[in-house]
Student: 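Sharing a structure with you now.
Count residues from 1 along the sequence. Model, not experiment: these values are computed from the prediction.
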Amino acid sequence: MDSADSDANADTNTDANVYVLKPRSAEARVRPLSRDYARELNPQQLAAVEVVDGPALVIAGAGSGKTRVLVYRVARLIDSGVDPSSILLLTFTRKAAQEMLGRAGTLIGPSSGRVMGGTFHSVANMLLRRHGRVIGLEPGFTILDRGDAEDLVGLVRARAGLGDTGKRFPRKRTIVEMFSKASNTLQPLEDVLLNEYGHFADYLDELTRLREAYESTKRRQQSVDYDDLLLRLRELLTADEGVRRAISDIWKYILVDEYQDTNRLQAEVVRKIAATHENVMVVGDDSQSIYSFRGATFRNIMEFPDLFPGTRLFKLEENYRSTQSVLALANAIIEGAADKYSKTLFTQQLQGERPALVQTMGENQQSRFVAEKILELREEGVPLEDMAVLFRSSFHAFDLEVELSKHDIPFLKRGGFKFVETAHVKDLLAHARVVRNPLDAVSWNRSLQLVEGVGSKRSSDLIVQLNAAEVPFDVLRQGSGKAAPGLRHLAEALESAAGVEDASPPDQLQRLLDYYAPILKEQYDDHPKRFRDLEHLVGMAERYANLNEFLDDMTLEPPDASVTGIDAPNRDDERLVLSTIHSAKGLEWRCVFVLWLVDGRFPSSYAFQDDDELEEERRLLYVAVTRAKRHLYLTFPVQVYDKLTGAVLSKPSRFLDDVDAALVEPLHVVEDGEAQRWRP
């Protein structure tokens, strides 16, 4: 050992003849660094990057350079003398790991290629193939994809005769979803069933037996499904201390990206891999924890210091995306959160215009405002692809999609189908088209094949008879065999919708929905959600004078029509982005519209009775607001009747209650579509 090292790691003892060496820590190594990290990172980022040993929690506000910190952290560890092969980087996608390590390689050189980077599941797969025999899993085990898992559940269910109860038993896809949620949240199946699939609660005993049979079949066949990779890894790390310590000794430095999106199972696996040390750094933002429906839990990031006592907390608050006006609103919204890591986003960029809070008298006026404002911004030089319309639920954009088509604004929708392409909406519209035009063979075919006992051959024969009949509905009444009752019921529903004098489009659609609702329930395990979509469709019909106009608007303008009447060379491929907020996380646009910011829709009335759900809705709004770089429009229709609650929705979202009025620019949209200042 040279003298420099000795001096740096020594201390004197009470005995003058004894010289004691301190435990050598990574932080104490004296080694010249290859980069000037202080010049390349802001002070908050630098503080997080420079920590080496011990647990660390980095709360990375929106747009604050979270990925940059992870990349520089890897580079800094290697630069400090840490063996690259002792570093484990866990991410949620393989692409994210590859990009981070690629950027680290640019900073530090090819040694970063020895860092182990990947998803939780890919790392689990590798470890199970190496050590799985300890828990009875051979190296050649098979991984079932979701389709394979569903097929195996179907096979096991058939063997057990669990689908033959004479009642509506869950489909195999829904069953796999139930099992997956129970695995990832470490909850009993009973809790998942009662809390999220209450309409199947009567099948608890059968589903419990089915799950036991499914698990035993997989073990016998040496196969694992996607969730098993983490479950079996947890089993391995719990069952054998020697294996657990050996794995922990390999990866002495663990980094986890997007920790707020982890589930209970993933958090437990991280804790066990760090059995011999506590060199774990997790990066995330509690304010952007919005995936509880996937099993992720907000509690993981809040409880990390309890899991790893002595955790050092770092906050990244300087934002590189948005104007200060946008950030001020985001800060005010999240300030109302009951449980959080307090932080204040700020930027060195311009102040910018205040976000607009836009009141409209109804949903369609909201849609018209958004469409016209988009065209106005485009004329001012903002490309369509740099604008986005965000919404909490896919059906919130249904009316807007129709309006965009009327204005020849092409769009790309993320997070759900375009509503006219969803099967249940197409089903209801098919019945409506038959009411309008009894010669519509395509719509007849779709409607007829929803009747029990009618297949493609029977449907084809009936359509020939229907087209030849003077009174088409009489053909349905003359049906025979198994399909006869269903055909008579269909005839009654269609006549009811068609025969009412002065019937309004919503009245006609409601009659058809009353008929279709039992079919919907039979066809889809998620029928409550789909029924909500159809109720919204009925509501959309209220502004139409007759059924013809309504159906024409649903089909006349294809959603992907080109922009016309706007001279924009080389911009033919522009598409406005429509997206659920969940699908927009991690993205950004110059201009963002957030729809339906009215109490009862955002937050949803479903969340009113559950504090945790209500808090997640607040975080969802925070994510939406922080997607905007320059322009932000928050719209809320008033005087909207909500059939679910029987209430008239008129109040802006409760998340705005405590927001200083000076932070927003209130606008009131009048009937001619002009936007004017709104004075309460």
Side-chain angles (χ1 to χ4, degrees), residues 62 285-293 298 325-345 354-363 365-366 369 389-397 532 536 539 580-582 584-585 592-628 632-669 678-680:
D285 184 4
D286 55 296
S287 299
Q288 298 187 69
S289 179
I290 59 174
Y291 293 115
S292 63
F293 67 94
F298 166 77
S325 294
V326 170
L327 298 180
L329 177 60
N331 289 333
I333 289 169
I334 207 63
E335 180 61 29
D339 197 4
K340 63 182 179 298
Y341 289 104
S342 296
K343 58 183 176 297
T344 303
L345 297 180
R354 289 187 297 170
L357 181 60
V358 184
Q359 175 185 306
T360 68
M361 287 306 296
E363 181 180 25
Q365 195 177 72
Q366 172 184 247
F369 166 79
V389 182
L390 307 183
F391 32 86
R392 182 195 168 279
S393 300
S394 186
F395 77 85
H396 288 176
R532 179 78 163 151
H536 193 76
T580 61
I581 301 169
H582 288 98
K585 186 172 174 290
V592 169
F593 297 83
V594 184
L595 299 182
W596 276 107
L597 205 61
V598 61
D599 231 36
R601 291 290 175 86
F602 198 169
S604 166
S605 56
Y606 290 112
F608 289 171
Q609 305 303 316
D610 188 303
D611 289 343
D612 287 342
E613 288 188 20
L614 199 58
E615 286 297 285
E616 181 157 321
E617 297 266 312
R618 180 187 295 275
R619 297 193 295 269
L620 199 61
L621 177 57
Y622 173 85
V623 169
V625 167
T626 53
R627 301 309 95 196
L632 176 63
Y633 297 88
L634 309 175
T635 66
F636 68 101
V638 297
Q639 303 302 319
V640 177
Y641 178 68
D642 184 70
K643 293 184 179 180
L644 177 68
T645 61
V648 175
L649 306 180
S650 297
K651 179 182 176 294
S653 173
R654 64 187 62 193
F655 300 140
L656 299 176
D657 286 350
D658 298 324
V659 171
D660 188 335
L663 296 180
V664 296
E665 180 75 23
L667 296 175
H668 178 213
V669 179
W678 175 53
R679 294 182 176 87

Student: How close do Y341 and D286 get, counting heavy atoms only, and between which atoms?
Tutor: N-OD2, 3.1 Å
Student: Can you give me the closest heavy-atom contact between L667 and A356, atom names plus distance?
Tutor: CD1-CB, 3.8 Å
Student: Side-chain contact, heavy-atom cut-off 4.5 Å: L656 with V664?
Tutor: no
Student: Could you grab the distance from atom CZ of R601 to atom OG of S653, nearest 0.5 Å is fine?
Tutor: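 Answer rounded to 0.5 Å: 13.5 Å.
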Student: Can you tell me how far CG of L595 sits from CG of L390, rounded to the nearest 0.5 angstrom?
Tutor: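 It is 8.0 Å, given to the nearest 0.5 Å.
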Student: Within this structure, what is the CD1-CZ distance for the pair I581 and F391, rounded to the nearest 0.5 Å?
Tutor: 9.0 Å
Student: Would you name the heavy atoms of F655 and L614 that are closest together and state the gap between them?
Tutor: CZ-O, 3.5 Å
Student: Quick one: does E615's side chain have a donor or acceptor within less than 3.5 Å of a partner on A338's backbone?
Tutor: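 Present.
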Student: Below 4.5 Å, heavy atoms only, C-beta onward: do V638 and V598 meet side chain to side chain?
Tutor: no
Student: Quick check on the 6.0 Å ring-centre criterion: do F602 and H396 meet it?
Tutor: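 Not under 6.0 Å, so no.
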Student: Measure the CG-OG distance between L345 and S287 for me, rounded to the nearest 0.5 Å.
Tutor: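 Output value for this atom pair is 8.0 Å.
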Student: Not counting sequence neighbours, list each pair that qualifies as a side-chain hydrogen bond (donor to acceptor under 3.5 Å, both in side chains) and has a residue in residues 654-663.
Tutor: D599-R654, K651-D657
Student: From N331 CG over to Y622 OH, what is the distance, rounded to the nearest 0.5 angstrom?
Tutor: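 The OH atom of Y622 is 6.5 Å from CG of N331, to the nearest 0.5 Å.
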Student: Between V326 and V625, is a side chain to side chain contact (heavy atoms under 4.5 Å, CB included) present by the stated rule, with each step listed?
Tutor: CA-CA 7 Å; V326 170; V625 167; 4.1 Å; yes
Student: Does the side chain of L632 reach to within under 4.5 Å of the side chain of V594, using non-hydrogen atoms?
Tutor: yes
Student: Give me the atom names and distance for the closest heavy-atom approach of Y291 to E616.
Tutor: N-OE2, 3.7 Å
Student: Assess the residue pair F298 and D339 against the criterion (side chain to side chain contact (heavy atoms under 4.5 Å, CB included)); give the C-alpha distance rounded to whole Å, side-chain angles, the decisive distance to 0.1 Å, and a yes or no.
Tutor: CA-CA 10 Å; F298 166 77; D339 197 4; 4.2 Å; yes
Student: Taking all heavy atoms of R627 and all of A62, pick out the closest pair and write down the distance.
Tutor: NH2-CB, 3.9 Å
Student: Quick check: does any side chain N or O of R354 sit under 3.5 Å from a backbone N or O of S325, one acting as donor and the other as acceptor?
Tutor: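 Pair absent, no side-chain N/O of R354 close to backbone of S325.
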Student: Would you compute the distance between atom CZ of R392 and atom CD1 of I290 and round it to the nearest 0.5 angstrom?
Tutor: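 Those atoms lie 11.5 Å apart.
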Student: Looking at T626 and V623, would you say the former's side chain and the latter's main chain have a donor-acceptor pair under 3.5 Å?
Tutor: yes
Student: Restricting to non-hydrogen atoms, name the atom on R618 and the atom on I333 that form the minimum distance, rounded to 0.1 Å.
Tutor: NH1-O, 2.8 Å
Student: Out of K340, K585, K343, R619, which one pairs with D285 under the salt bridge (charged side-chain N to carboxylate O under 4.0 Å, His left out) rule?
Tutor: K343
